[in-house]
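Right, one structure below, let's go through it.
Position 1 is the first residue of the sequence, and the numbers go up from there. Counting convention: from 1, in listed order, for ligands and their atoms alike.
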Amino acid sequence: MTPLYRRIAAQIEATGPISVAEYMALCLFDPDHGYYTTREPFGADGDFVTAPEISQMFGELVAVWLVTAWRSIGAPLPVTVAEVGPGRGTLMRDIVRAVRRIAPDWQDGAAFALVEASPRLAAIQRLTLKNAGVSLSWHDDLDTLPDTPLLIVGNELLDALPFRQFAFQDGVWSERAIGLEEDGKLRFVLKPGAFDLSLLPSAQPVEEGSVFEISPARSAFMQRVCERLAEHGGAGIFFDYGHLCTGFGDTFQAVRRHVYEDVLQNPGEADLTSHVDFAVLDRIARACGLATSTATQGDFLFGMGIIERAGRLGATEGAEQREAIRAAVERLVGPDMMGTLFKVLMIAPRGTGTLPPAPWVQP
Ligand code: SAH
């Protein structure tokens, strides 16, 4: 039993079952035992590997998108380039390096900002970026970002924000919550709970046992980002695993040491996530008067020229390194790897031409 397990069990004993959202917030961000506050999640020695950790090409192509977006909104300066949930800081490091080459006109007018909820990870990001040679600032919330046009990025951030689950059983919707077995083990229970039924997918029938997920935290985050973009100008790009159409299903998952495990087994010691419903976030951006475009990560990276970039990178390398670059491309865009499961949501002001249509956008 992890220390957090005992704390959560004691809390449930005292006050009753806790929602999936409460459980997730405790597991990921408890100051003493939370996953992001105390552990090293990333890389081969950690629990999972993210796109920027696979290859510098990911950050370079994101940088190309950001600079293209910036030019098409009239190249405003000053501009703030922000990343939310930067993990080890690898994506930001690659973005900074790339924009110094492709957008030298940012030299004096661009400030780079990192929005990070975990003080431990913010310290690691400072180390990664210590020689970046650009203006950098750290924020624990979006509120303190400068009021300039904003270019904002997030990779595998949204999946880490808490979500709620509802189950349709015996003809009614109830909230899935975490309670206790007789022997003190954590287990899923149902408790009364309501949500806005208009959010349900219209094309799929509700069946006995259907599970439906909502994430008010994700929606609130997207609303705040989009209000900023609408007010101050700018563009945003968010990558995550998830679906482009709302659907049913239990997508709560725990990953530890690159292996899936029971979400209730090791609270605080496994990464907890759920799939992102991009349809909901897309609607929020549009309601703020912004234009959006969605694509799979594979289509996005192909469209941005990952094959050409890989060719350039490999041109001066030996056979072994060329094979490593090829394998990285395969991981990022392969349909059975990250290419299809991962999606991207691009947000920009209407009519700016920052959101190229085909071949990115699947019909
Ligand atoms: N983007 C990185 C890390 C993804 S892991 C990569 O691709 O490698 C999720 C990151 O989001 C972690 O840095 C975590 O601490 C951060 N995070 C989670 N919730 C957050 C929130 N509400 N605000 C800011 N950062 C958050």
Side-chain angles (χ1 to χ4, degrees), residues 21-22 24-31 33-63 81-96 112-129 137-145 152-163 215-225 228 236-242 253-256 258 268 270-276 281 297 301 328 331-332 338 341-345:
E22 279 174 87
M24 191 161 171
L26 282 169
C27 289
L28 296 185
F29 281 101
D30 179 80
H33 306 295
Y35 181 71
Y36 283 118
T37 35
T38 62
R39 297 177 70 88
E40 180 51 58
F42 309 107
D45 298 335
D47 298 301
F48 58 93
V49 180
T50 59
E53 303 289 342
I54 290 173
S55 167
Q56 68 184 72
M57 290 181 283
F58 183 78
E60 290 169 345
L61 296 174
V62 171
V81 183
E83 183 184 355
V84 191
R88 287 211 279 223
T90 308
L91 175 58
M92 190 52 118
R93 188 193 62 200
D94 293 336
I95 290 174
V96 167
F112 294 81
L114 294 100
V115 183
E116 174 56 67
S118 157
R120 197 189 67 83
L121 287 174
I124 293 174
Q125 293 152 20
R126 284 178 201 276
L127 282 180
T128 306
L129 290 156
S137 60
W138 271 263
H139 306 256
D140 54 17
D141 190 83
L142 296 172
D143 278 347
T144 52
L145 289 175
I152 187 163
V153 183
N155 186 61
E156 291 208 44
L157 161 79
L158 298 165
D159 65 34
L161 301 184
F163 72 108
S215 175
R218 247 171 240 158
S219 296
F221 170 80
M222 194 48 68
Q223 179 76 32
R224 289 169 69 206
V225 166
R228 264 187 175 268
I237 186 161
F238 293 91
F239 297 85
D240 233 301
Y241 41 86
Q253 67 182 40
V255 171
R256 199 163 69 122
H258 307 273
D271 183 40
L272 296 183
T273 58
S274 73
H275 283 205
V276 174
L281 305 180
Q297 177 170 300
L301 292 175
R331 274 183 87 175
L332 291 171
M338 295 174 88
L341 177 60
F342 279 72
K343 310 293 192 302
V344 51
L345 171 65

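Arg88 CZ to Leu127 CG: the interatomic distance, rounded to the nearest 0.5 Å, is 12.0 Å.
Evaluation of the side-chain contact (heavy atoms from CB on, under 4.5 Å) rule for Ser215 yields Phe163, Ala217, Arg218 as partners, not counting sequence neighbours. Legend: residues meeting side-chain hydrogen bond (donor to acceptor under 3.5 Å, both in side chains) with Gln297, ordered by chain and number and at least two apart, are absent. In this structure, the side-chain contact (heavy atoms from CB on, under 4.5 Å) partners of Asp143, at least two apart in sequence or on a different chain, are Asp141, Arg224.
Between Tyr35 and Phe29, the distance separating the two ring centers is not shorter than 6.0 angstrom. Residues Tyr241 and Phe342 bring their aromatic ring centres within 6.0 Å.
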Kindly print each ligand 1 N/O atom paired with any protein N/O atom under 3.5 angstrom away, one pair per line, or none if nothing qualifies.
residue  : atom   : partner : partner atom : Å
ligand 1 : 1 (N)  : Gly85   : O            : 2.7
ligand 1 : 1 (N)  : Asn155  : O            : 2.7
ligand 1 : 7 (O)  : Thr50   : OG1          : 3.3
ligand 1 : 7 (O)  : Asn155  : ND2          : 2.7
ligand 1 : 8 (O)  : Thr50   : OG1          : 2.5
ligand 1 : 13 (O) : Gly87   : N            : 3.1
ligand 1 : 13 (O) : Glu116  : OE1          : 2.7
ligand 1 : 15 (O) : Glu116  : OE2          : 2.5
ligand 1 : 25 (N) : Ala117  : N            : 3.3

